[in-house]
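Reviewing the structure listed below.
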Amino acid sequence: MRNLPLLAAFLCLFCGSMFAQTGKVFDNQSVPSKILKMDRKYAVYLPPDYETSSRSYPVLYLLHGAGDDHTGWVQFGEVLNITDAAIKNSTATPMIIIMPDADSGRRGYFNDVKGDWNYEDFFFNELVPYVEKKYRIKAQKRFRAIAGLSMGGGGSFVYALHHPEMFSSVCPLSAATGAFTLEDAKQNLSKANPGIADSTVSNYFNRYSVLALINNMPADQLKSLRWYIDIGDDDFLYEGNDLVHIALRKKNIPHEFRIRDGAHNWTYWRASLPTVLGFVSDAFHQY
């Protein structure tokens, strides 16, 4: 009986230790947006030692695909279990992961061609400053990365190409790369915007086609980003990713281009996530 207090203390320490080994996900967070005139949801992963330390962490912005929202990587992508395992196995460094909602109101990560729904402006001018103030995030290029799947893969491509000064690594998965040619862009935009001016189409194509951005961007800016591009051999978006790979090769831009067995589904993306976490951690660690 005399040992009961000692045993109780040991159990408390043991339970506390076990609890500390697990990260946390909060998937119902929100940020007020003046640009979008509404509150915007996001999910956040906090690493296992976040609550017991006072240190700051690198950050990964992880973008969902069309048909999902900010909970997609939580519910279907198993971000909590996969990231916890990567940190425990030392294949990834502890990091904060921000997963924004690009489904509510209108779907997509880009500013609308009509200028009345500027999601990209919201992301850079409101979301990033908000979360990097709210959480203990290292807010410098070398500690900031971006990744995403499908529509979010396209978002990660474009955001990194628009702001290479902000990100150390970019990891598009099964990415939608936008129109291949100006004619394709005109055809696509005219369906929803009859009578759209040719100059508007041209400006939008040059801003949101991944191929156009890469072809028009100076090589030194492209080289300031670490690239990991991943696409399944049965993915319907394979051609666009292959063309991006060729465009980067022509400009002698170092990049990782992976073609694996798989299609456009969560089985593929769950398998991609551990590699993404390791890739961005290499930059966070100052490889």
Side-chain angles (χ1 to χ4, degrees), residues 27 42-43 45 60-83 85-86 97-104 106-110 119-120 123 145-161 169-181 184-185 187-189 191-192 205 208-214 227-249 255-280:
D27 65 359
Y42 69 91
Y45 166 87
L60 170 64
Y61 291 90
L62 188 59
L63 311 183
H64 66 77
D68 290 324
D69 58 20
H70 58 292
T71 65
W73 276 106
V74 177
Q75 180 67 36
F76 309 119
E78 297 289 345
V79 69
L80 175 62
N81 294 335
I82 290 172
T83 309
I97 302 176
I98 303 294
M99 296 158 277
D101 174 22
D103 186 67
S104 301
R106 295 189 204 177
R107 181 178 292 174
Y109 294 96
F110 306 154
Y119 189 95
E120 183 179 359
F123 182 92
I146 190 164
L149 67 89
S150 193
M151 178 181 79
S156 63
F157 258 131
V158 169
Y159 283 7
L161 290 165
S169 304
V170 52
C171 305
L173 310 174
S174 311
T177 56
F180 299 169
T181 67
D184 289 341
Q187 215 170 35
N188 295 338
L189 288 170
K191 292 177 184 177
F205 170 73
Y208 288 112
S209 162
V210 175
L211 282 171
L213 284 165
I214 289 172
W227 295 93
Y228 179 85
I229 303 166
D230 185 6
I231 184 78
D233 57 358
D234 294 320
D235 198 303
F236 71 97
L237 294 174
Y238 176 87
E239 183 181 1
N241 286 261
D242 194 38
L243 290 172
V244 166
H245 162 59
I246 293 169
L248 289 171
R249 278 185 62 110
H255 63 287
E256 303 294 327
F257 181 53
R258 297 290 177 265
I259 304 167
R260 296 188 291 109
D261 180 32
H264 201 81
N265 54 42
W266 277 107
T267 299
Y268 190 89
W269 302 319
R270 281 191 295 269
S272 299
L273 185 56
T275 306
V276 167
L277 295 172
F279 185 82
V280 302

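Numbers here are sequence positions counted from 1.
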Show the atom names and distances, to 0.1 Å, of all donor-acceptor pairs under 3.5 Å that link a side chain in residues 236-243 to residues at least two apart or in another chain.
residue : atom : partner : partner atom : Å
N241    : ND2  : A175    : O            : 2.9
N241    : ND2  : L237    : O            : 2.9

In Å, rounded to the nearest 0.5 Å, how long is the span from CZ of F123 to CD1 of I98? 9.5 Å
Any side-chain heavy-atom pair from L80 and V74 closer than 4.5 angstrom? no
Here the salt bridge (charged side-chain N to carboxylate O under 4.0 Å, His left out) pairs for residues 61-80, sequence neighbours left out, are none
To the closest 0.5 Å, what do you measure between CG (N265) and OG1 (T267)? 4.5 Å
State which residues pass ring pair (Phe, Tyr, Trp, His ring centres under 6.0 Å) with Y42; sequence neighbours excluded, sorted by chain then number. none
Test side chain to side chain donor-acceptor pair (under 3.5 Å) applied to Y159 - qualifying residues, sequence neighbours left out: none
Would you say that L161 contacts V170 through its side chain, given a criterion of any heavy-atom pair below 4.5 Å between the two side chains? no
For A185, the side-chain contact (heavy atoms from CB on, under 4.5 Å) test, sequence neighbours excluded, returns A179, V201, F205
I229 versus V244: any side-chain heavy-atom pair under 4.5 Å? yes
Give the minimum heavy-atom separation between D27 and T71, together with the two atoms involved. O-CG2, 3.9 Å
Evaluate the ring planes of Y109 and H64, with Trp represented by its six-membered ring, and classify them as parallel (under 30°), tilted (30 to 60°) or perpendicular (over 60°). tilted
Tell me if the CZ atom of R106 is crowded by more than 12 foreign heavy atoms within 6.0 Å. yes
Mind checking whether W73 and W266 have parallel, tilted or perpendicular rings, split at 30° and 60°? perpendicular
Can you list the residues that meet the salt bridge (charged side-chain N to carboxylate O under 4.0 Å, His left out) rule with R258, with sequence neighbours excluded? E256
Sub-4.5 Å side-chain heavy-atom contact between L149 and S174: no
Exercise: identify the closest heavy-atom pair between L211 and A247: CD2-CB, 4.1 Å
Note: G77 and R270 closest approach over all heavy atoms is O-CG, 3.8 Å
Point-to-point distance, once rounded to the nearest 0.5 Å, from CD1 of I259 to CG of D234: 11.5 Å
Pairwise distance CG(L273) to CG(N81) - rounded to 0.5 angstrom: 11.0 Å
Taking all heavy atoms of C171 and all of V280, pick out the closest pair and write down the distance. SG-CG1, 3.9 Å
Could you tell me whether the side chain of S104 reaches within less than 4.5 Å of the side chain of H70, counting heavy atoms only? no
Mind running side chain to side chain contact (heavy atoms under 4.5 Å, CB included) on T275 and D230 for me, showing each step along the way? CA-CA 10 Å; T275 306; D230 185 6; over 6 Å; no
Specify whether H245 and F257 have parallel, tilted or perpendicular ring planes, treating 30° as the upper limit for parallel and 60° as the lower limit for perpendicular. parallel
Distance in Å, W227 CH2 paired with I214 CD1, rounded so as to fall on 0.5 Å steps: 5.5 Å
Taking all atoms of both residues into account, what is the closest heavy-atom pair of L63 and P100, and its distance? CD2-CG, 3.7 Å
I need the minimum non-hydrogen distance between L173 and Y228, along with the two atoms involved. CD2-CE2, 4.4 Å
